[in-house]
There are 2 protein chains.
Amino acid sequence: MSIPTERPLRADARRNRERVLEGARAVFAEHGRDAQMDDVARKAGVGVGTVYRHFPTKEALVSALAVSLFEQVLASARRALEIDDPWEAFTTALWAGVEVLASDRAFTEIIGQAEMPFDTDLMAEMNDAYMQLVQRAKDSGDLRPDIVLDDIPMFTCGIGMATVKPHMCQAAWRRHLAIIIDGLRATNASGPLPS
Amino acid sequence: MSIPTERPLRADARRNRERVLEGARAVFAEHGRDAQMDDVARKAGVGVGTVYRHFPTKEALVSALAVSLFEQVLASARRALEIDDPWEAFTTALWAGVEVLASDRAFTEIIGQAEMPFDTDLMAEMNDAYMQLVQRAKDSGDLRPDIVLDDIPMFTCGIGMATVKPHMCQAAWRRHLAIIIDGLRATNASGPLPS
DNA sequence: GAGGAAATGGAGGTGGAGTTCCGGTTTCGC
DNA sequence: GCGAAACCGGAACTCCACCTCCATTTCCTC
């Protein structure tokens, strides 16, 4: 019953897999989810068949990319957790996380969906990290106490979605986030949040 | 060179046109832009051919709906302009406008695009109304002065996009907007907005 | 280097969504 | 009422994007 360890990829296969990922990242970041597989292949300098050999489905390819970006966001959250000041830690994580979102159209579209195509462990670790950031910022009295964890992806996703509008200045997301961060401060709350 | 006044629609055509619009509103509000024309027809209790007789293209149908919702938002902004207190006028307009957005997935997707398929007059009137709301709220010292007009659709669009996630509580947009409004108050600004 | 397994590429199959077309039906002016 | 014109319905067509297939090439093992 031992799981047969997968034989290592051949050299050319490994190289091409990397090229596909690279091309896909570029194409999906620019055109969002509905970029086309043929364009990915062309960008990667590879045939469509090769793309499909490495990723059986468009969805699988998109997921692979999303996982990678998700890990980036998680890493930035963990780095922020090392900051002593709770409010600075919290806002630092937001700035870093949103920067990833704002740079990639497809990623924002994906996390804006109901079902994430990820392994749940990653999600759980993500929740953990952000839960700590939120709780610490609440405990210190900096973050308004009626914020819940689910509010955070709502904000960040909103910023991402609003920023990918093609005609929009690329730096606009910074203004957007700055406003939200000011709105999140406990001292700035004009009243309790609804429901 | 007189433009031939269009003959009035026949009774059944007028009735069906209305049914198509009604069905389309429902279907697009729920499924967003990529709802299907066949579904619109079915919802309207009408053949696809009839849909295409009244709206030559899917895009045309979507635009017609969007104009109607846009007019709703404009009307709510004008109503808000009659409120004396500048800050209350401004926030009232936001609450009303976002409520329309949050209820309609396709509409949010459309205004999140580069080119709006509208007649420009409507856009200009919209700009006028919001410009006044923004300026008055700045002049009274309530709204932070470094906000520009273009920031407003960015915020509202972000809220709309973040809210149409199917799994999300329908009232979440209120929390989102409440945070942003608190962030927009001049007294709550922690620093100047970037660029 | 030879044999064979793995990987490649891109022409074409497949399916689904937008649009067209036209025989049949409904409405309106006379 | 009657004829003509407008309108309706939905089967069929088109087009485009995802995906498959296999002859050919590349790489690894012995």
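Chain A is the first sequence line, chain B the second, and so forth, proteins listed ahead of strands; every chain is numbered from 1.
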Between CG of B/D34 and P of C/dG16 the distance, given in whole Å, is 15 Å
Taking OP1 and OP2 of C/dA7, is either one under 4.0 Å from a side-chain nitrogen or oxygen of A/R10? no
Which comes earlier along DNA chain C counting from the 5' end, the contact point of A/D12 or that of B/D12, where each point is its nearest nucleotide? A/D12
Taking for each residue the nucleotide of DNA chain C with the nearest heavy atom, is it B/R15 or B/P56 whose nucleotide lies nearer the 5' end? B/P56
Tell me whether the OP1 or OP2 atom of D/dC8 has a side-chain N or O from B/H54 closer than 4.0 Å. yes
Between B/K58 and B/A35, is there a donor-acceptor pair closer than 3.5 Å when you use the side chain of the first and the backbone of the second? yes
Length of the CZ-P vector between B/R17 and D/dC8, whole Å: 11 Å
How long is the straight-line distance from CD1 of B/I111 back to OG1 of B/T156, given to the nearest 0.5 Å? 5.0 Å
Would you compute the distance between atom CZ of A/R175 and atom CD1 of A/I179 and round it to the nearest 0.5 angstrom? 7.5 Å
Using OP1 and OP2 only, check whether a side-chain N or O of A/T50 sits under 4.0 Å from C/dG9. yes
Whole-Å distance between C/dA5 P and A/R53 CZ? 14 Å
Using only side-chain N and O atoms of B/T57, determine if any of them is under 4.0 Å from OP1 or OP2 of C/dG18. no
Sidechain N-carboxylate O distance under 4.0 Å for A/D182, B/R144: yes
Atom pair distance, as rounded to whole Å: CZ in B/R33 and P in C/dA17: 16 Å
Indicate whether the side chain of A/R25 and that of A/S68 have a donor and an acceptor atom separated by less than 3.5 Å. yes
Gap between atoms CG and P, on B/L61 and C/dT19 respectively (whole Å): 10 Å
Which parts of residues 36-48 of chain A get close to DNA chain D, meaning a heavy atom less than 4.0 angstrom away? A/Q36, A/M37
Rounded to the nearest angstrom, tell me the gap between atom CG in B/L9 and atom P in C/dT27. 14 Å
For a quick test of reading the model: is some side-chain N or O of B/N16 closer than 4.0 Å to OP1 or OP2 of D/dC8? yes
Evaluate the criterion side chain to side chain contact (heavy atoms under 4.5 Å, CB included) for residue pair B/R185 and A/N188; output intermediate values, then yes/no. CA-CA 9 Å; B/R185 281 216 86 126; A/N188 292 346; over 6 Å; no
Nearest 0.5 Å please: distance from the CG atom of A/D146 over to the OG atom of A/S195. 10.5 Å
NZ of A/K58 versus P of D/dT20: gap in Å, rounded? 15 Å
Give the rounded distance in Å between these two atoms: OH of A/Y52 and P of D/dA17. 12 Å
